[in-house]
Structure formats: structure tokens, C-alpha cells
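All remarks here apply to the structure that follows.
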Amino acid sequence: MADVPWRATADGLTLVVRLTPRGGHDAIDGVETMSDGKSVLKARVRAVPEDGKANAALTELIAKALRVPRSAVVLAAGHTSRVKTLEISGDGAELAAALAQAADRG
């Protein structure tokens, strides 16, 4: 996986996700290259995209996959878009390794 949708930062990791709400179950579905050439992590949640429910479910899904507290995962951009940017606090290298494993299982 040469081009990944995350990058380590000084205080954690920045992650770009393409979210599918009402996806039947909560899951990480791997990495995808969009038509503009950008890589995104594909994720789906059962929650509906109303009142921030899908965004909350996404942060919970990512926190669980990376084994970090929910408070460590912050939605930085894309509140009403399918493509979202998350900021995850912690050790960037460890988070990147955990995310690579989660994406491979997807």
C-alpha cells in the first residue's frame, strides 16, 4: 500500500475517510483511490447522517479500531461531506501501524 490516506503529525495522525452512512454494519472497508487520485480509508456505519449520528459512529469505529479513547479522535473537516478529515491524538507511528492493519482486514 504505497499511497495511504493518513500521515503522522507531531501529536498523532491525520486521516482522510470516505464514510458511507446507513451501511448495514460498522466496518472499515480498506483503502480506495478516488477519481481525483486521492487515497481515502473507506468506512461504513449503521447510523443515519442526521444530527451528527454518523459522524459520532465514525469516531467510535476509528477509536475502537485503533484502541484509543473516543476523545482522541476529532472530526477536523467534512462534517456534512462524505469525505472527512480526522485528527487522532497519540503516537503517530503506532497509530499508522494499527490503521494499516485495520485497513488490510477491511
Side-chain angles (χ1 to χ4, degrees):
M1 208 180 326
D3 194 21
V4 294
W6 57 81
R7 71 176 196 286
T9 62
D11 54 353
L13 199 71
T14 299
L15 169 65
V16 179
V17 178
R18 183 179 186 279
L19 179 63
T20 302
R22 284 184 253 173
H25 62 281
D26 296 350
I28 293 174
D29 292 333
V31 175
E32 173 182 70
T33 302
M34 295 181 27
S35 60
D36 62 4
K38 293 181 182 175
S39 291
V40 293
L41 183 73
K42 294 190 314 181
R44 68 174 77 196
V45 295
R46 287 184 296 254
V48 296
E50 296 170 1
D51 302 323
K53 291 176 184 168
N55 291 339
L58 173 63
T59 57
E60 188 171 338
L61 173 67
I62 297 299
K64 187 183 277 187
L66 298 180
R67 295 187 177 103
V68 298
R70 241 184 357 215
S71 61
V73 181
V74 176
L75 180 60
H79 294 334
T80 59
S81 170
R82 279 186 182 251
V83 178
K84 302 176 183 298
T85 302
L86 300 175
E87 299 288 339
I88 306 160
S89 301
D91 180 292
E94 287 179 13
L95 292 170
L99 204 47
Q101 278 189 334
D104 285 344
R105 285 193 302 264

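In this chain, residues are counted from 1 in sequence order. The structure presented is a predicted model; accordingly, all values stated were derived computationally and were not measured.
- Closest heavy-atom contact between L58 and A43: CD1-CB, 4.0 Å.
- Atoms OG and CZ, on S81 and R18 in that order, are 9.5 Å from each other to the nearest 0.5 Å.
- The hydrophobic cluster analysis finds V74 isolated: no Ile, Leu, Val, Met, Phe, Trp or Tyr side chain comes under 4.5 Å of it, directly or through other members.
- Contact of the L19 side chain with the V45 side chain is registered, since non-hydrogen atoms from C-beta on lie closer than 4.5 Å.
- Hydrophobic clustering (ILVMFWY, side-chain heavy atoms < 4.5 Å, transitive): V16 and V31 are in distinct clusters.
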Donor-acceptor list for residues 85-93 side chains, cut-off 3.5 Å, not counting sequence neighbours:
{"residue": "E87", "atom": "OE1", "partner": "T14", "partner atom": "OG1", "Å": "3.0"}
{"residue": "E87", "atom": "OE2", "partner": "T14", "partner atom": "OG1", "Å": "3.4"}
{"residue": "D91", "atom": "OD1", "partner": "A93", "partner atom": "N", "Å": "3.0"}
{"residue": "D91", "atom": "OD1", "partner": "E94", "partner atom": "N", "Å": "2.9"}

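- Screening residues 73-85 for salt bridge (Lys or Arg N to Asp or Glu O under 4.0 Å), with sequence neighbours left out, gives no hits.
- For R22, the salt bridge (Lys or Arg N to Asp or Glu O under 4.0 Å) test picks out no residue, with sequence neighbours left out.
- In this structure, D11 has no salt bridge (Lys or Arg N to Asp or Glu O under 4.0 Å) partners at least two apart in sequence or on a different chain.
- Nearest heavy atoms, A54 versus P49: CB-CA, 4.0 Å.
- With sequence neighbours excluded, the residues that form a salt bridge (Lys or Arg N to Asp or Glu O under 4.0 Å) with R44 are D29.
- The salt bridge (Lys or Arg N to Asp or Glu O under 4.0 Å) pairs that include a residue from residues 46-57 are D26-R46, where partners are two or more places apart or lie in different chains.
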Verdict with supporting geometry, K38 and V83, side-chain contact (heavy atoms from CB on, under 4.5 Å): CA-CA 11 Å; K38 293 181 182 175; V83 178; over 6 Å; no
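- Note that CG of L13 and CZ of R7 are 9.0 Å apart. Values are rounded to the nearest 0.5 Å.
- The shortest distance between side-chain heavy atoms of T33 and D3 does not fall below 4.5 Å.
- By the criterion of side-chain heavy atoms lying less than 4.5 angstrom apart, applied directly or through intervening Ile, Leu, Val, Met, Phe, Trp or Tyr residues, L15 is grouped together with L75 in one hydrophobic cluster.
- When every heavy atom of W6 is checked against every heavy atom of A96, the shortest pair comes out as NE1-CB, 3.7 Å.
- Clustering of Ile, Leu, Val, Met, Phe, Trp and Tyr side chains at separations under 4.5 Å leaves V48 isolated, with no partner residue.
- Here the CG atom belonging to D104 is positioned 11.0 Å from the CD1 atom belonging to I28, to the nearest 0.5 angstrom.
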Identify each donor-acceptor pair in which a side-chain atom of residues 60-73 lies under 3.5 Å from a protein atom, sequence neighbours left out, and give them as a table.
{"residue": "E60", "atom": "OE1", "partner": "R70", "partner atom": "NH1", "Å": "3.2"}

